[in-house]
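As a basis for the values below, the full set of heavy atoms in this structure was taken, side chains included, without hydrogen atoms, waters or symmetry mates.
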Amino acid sequence: MLVLNRHPSGRHFLQIPGPSNVPDRVLRAIDHPTIDHRGPEFGELGRAVLAGMQDIFQTSGPVIIYPASGTGAWEAALVNTLSPGDRVLMAETGHFATLWRRLAARLGLEVQFLEGDWRHGVDPARIEAALRADPGIAAVCVVHNETSTGVTSDIPAVRAAIDRAGHGALLMVDTISSLGSIDYRHEEWRVDVSVSGSQKGLMLPPGLSFNAISARALARAEQARLPRAYWDWRDMLAVNEKGYFPYTPATNLLYGLHEAIAMLKAEGLPAVFARHQRHAEATRAAVRAWGLEILCQEANGHSPVLTTVMMPEGYSADRLRAVVLERFDMSLGQGLGKLADKVFRIGHLGHFNDLTLCGTLAGVEMGLSLLGVPHREGGMAAVMQRLARI
């Protein structure tokens with residue numbers, strides 16, 4: 001008989017793929033007294049986080065920080081560079097790519113949406129073919145790491161496809177669940193606008209979003225005619241140079257961002273990326289040992305920040321998540337859109353180590369047993385063996 005843990009002790013295991021766990025160091029930084037956002041102390045903070053985010057995006061170009069969710073950064077990328085009726089090319093890699101498409105359509109843009117099966121990343125060949133067929137496309141918008149599916153797309157290959165087509169479309173990339181967790185090079189990969197948010201690899205609560213901008217995107221912004229006010233890059237850039245913002249910023253979240261940047265730099269971005277990769281590989285080893293199916297079907301497309309697991313036919317992913325929450329005080333990610341109740345998502349990103357992963361996967365394995373989901377034993381042995389030798 002299942003006994004519910006009504007009064008759990010210990011810390012809640014937040015193993016959804018964002019918002020991720022916020023380190024105590026970052027929480028303590030956010031707890032600083034609020035300061036005058038027009039004073040000299042804030043100017044120093046503003047300059048530091050703006051420069052630090054250039055390092056995280058791996059760019060020498062400007063990065064803009066909004067007090068907003070990632071959805072705001074999506075909108076900012078579009079309204080600053082495009083005009084009513086412009087045609088944009090997007091690829092269906094999952095739920096969030098679909099939401100970005102819907103937002104673009106609401107802004108009056110004409111969207112060509114390359115349909116996908118949610119188990120593969122962006123196909124560069126299809127991008128190239130669409131661009132060759134339509135020289136008037138103004139932008140290509142893709143999601144780097146699709147949080148709903150656990151599939152990562154090859155952004156340099158997309159850039160190469162645009163180049164082979166000899167096309168002038170801007171390249172816009174959603175890095176909301178990849179920045180600070182997966183190697184991402186805005187400048188080297190010649191991305192025009194990179195979009196991100198604070199609540200995943202940056203290890204902050206939700207509330208900050210980002211646009212990293214190329215010189216081409218800035219030039220395009222001078223001719224763009226979509227309405228913009230709150231999101232206008234020009235207003236931001238006019239005062240960012242001195243560390244300030246054109247409206248009241250999320251001051252205390254910027255304190256947290258400053259600390260998070262320091263943590264990422266202290267570990268070193270290559271080490272951060274390698275850590276996420278080894279945890280993802282260990283998680284997949286456990287899932288395969290259980291005999292369950294991973295949603296992603298591309299060998300090179302498995303996400304380092306989350307693993308999406310398919311439930312056997314006739315079993316409810318939401319029921320499994322409920323059992324794990326009730327019994328072990330652990331949250332797993334739900335299936336979104338067409339994957340609702342069919343999959344669960346294991347987040348392994350941000351402030352995370354080997355023992356946290358072992359605890360997470362032990363909770364999943366015990367949940368499978370409690371719910372009577374058909375699976376093989378040995379997942380935990382597989383993950384421990386994997387972690388011990390990597």
Strictly by modelled atom types, are [X] and [Y] linked by a side-chain donor-acceptor pair under 3.5 Å?
X	Y	value
His120	Asp117	yes
Thr307	His348	yes
Ser178	His144	yes

Looking at side-chain heavy atoms only, is the closest gap between [X] and [Y] below 4.5 Å?
X	Y	result
Met380	Leu361	yes
Asn300	Asp154	no
Thr71	Leu99	no
Pro62	Asn240	no
Thr283	Leu357	yes
Ile155	Val191	yes
Tyr255	Val49	no
Trp100	Leu78	yes

Residue pair [X] / [Y]: nearest heavy atoms and the distance that separates them:
X	Y	value
Ser196	Ala73	O-CB, 3.9 Å
Ile176	Lys200	O-CD, 3.4 Å
Glu365	Gly378	OE2-N, 4.0 Å
Gly363	Val324	O-CG2, 3.8 Å
Ser194	Thr175	CB-CG2, 4.4 Å
Val111	Ala104	CG2-CB, 3.8 Å

Is the shortest distance from a Lys or Arg side-chain nitrogen in [X] or [Y] to a carboxylate oxygen in the other one below 4.0 Å?
X	Y	value
Arg38	Asp36	no
Lys342	Glu313	no
Arg321	Asp318	yes
Asp329	Arg11	no

Using modelled atom types only, decide if a donor and an acceptor are shared between the side chain of [X] and the backbone of [Y] within a distance under 3.5 Å.
X	Y	answer
Gln334	Phe344	no
Asp341	Ala317	yes
Gln15	Thr360	no
Arg327	Ala322	no
Arg159	Trp189	no
His95	Glu146	no
Gln58	Glu187	no
Asn252	Asp31	no
Thr59	His186	no
Asp192	Leu171	yes

Are [Y] and [X] linked, directly or through intermediate hydrophobic residues, by side-chain heavy-atom contacts shorter than 4.5 Å (ILVMFWY only)?
X	Y	answer
Phe113	Val142	yes
Val173	Ile162	yes
Val272	Ile182	no
Ile65	Tyr230	yes
Leu306	Val383	no

What is the distance from atom [atom1] of [X] to atom [atom2] of [Y], rounded to the nearest 0.5 Å?
X	Y	atom1	atom2	answer
Arg101	Leu109	CZ	CG	12.5 Å
Gln199	Ile16	CD	CD1	9.5 Å
Arg220	Asn80	CZ	CG	12.5 Å
Ser20	Leu349	OG	CG	5.0 Å
Asp174	Ser153	CG	OG	10.5 Å
Leu254	Leu204	CG	CG	9.0 Å

Side chain to side chain contact (heavy atoms under 4.5 Å, CB included) between Trp233 and Leu218, worked out: CA-CA 8 Å; Trp233 290 343; Leu218 281 173; 4.1 Å; yes

Aromatic plane relationship, Trp231 with Tyr66 - under 30° parallel, 30 to 60° tilted, over 60° perpendicular: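 The arrangement is perpendicular - the two ring planes meet at more than 60°.
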
Ring centres under 6.0 angstrom apart (Tyr184, Phe273): no

Aromatic ring proximity, centroids under 6.0 angstrom, His279 and Phe352: yes

Within 6.0 Å of CD in Glu377, more than 12 heavy atoms from elsewhere: no

Neighbour count above 12 (heavy atom, 6.0 Å) for Glu241 CD: no

Residue pair Glu75, Arg228: steps toward the salt bridge (charged side-chain N to carboxylate O under 4.0 Å, His left out) verdict: CA-CA 9 Å; Glu75 182 165 336; Arg228 50 186 150 147; over 6 Å; no

Pair Glu92-Lys338, salt bridge (charged side-chain N to carboxylate O under 4.0 Å, His left out): steps then yes or no: CA-CA 12 Å; Glu92 183 187 11; Lys338 65 176 70 175; 3.5 Å; yes

Audit row: Leu371, Arg319, side chain to side chain contact (heavy atoms under 4.5 Å, CB included) steps and yes/no: CA-CA 8 Å; Leu371 195 58; Arg319 179 59 185 147; 3.4 Å; yes

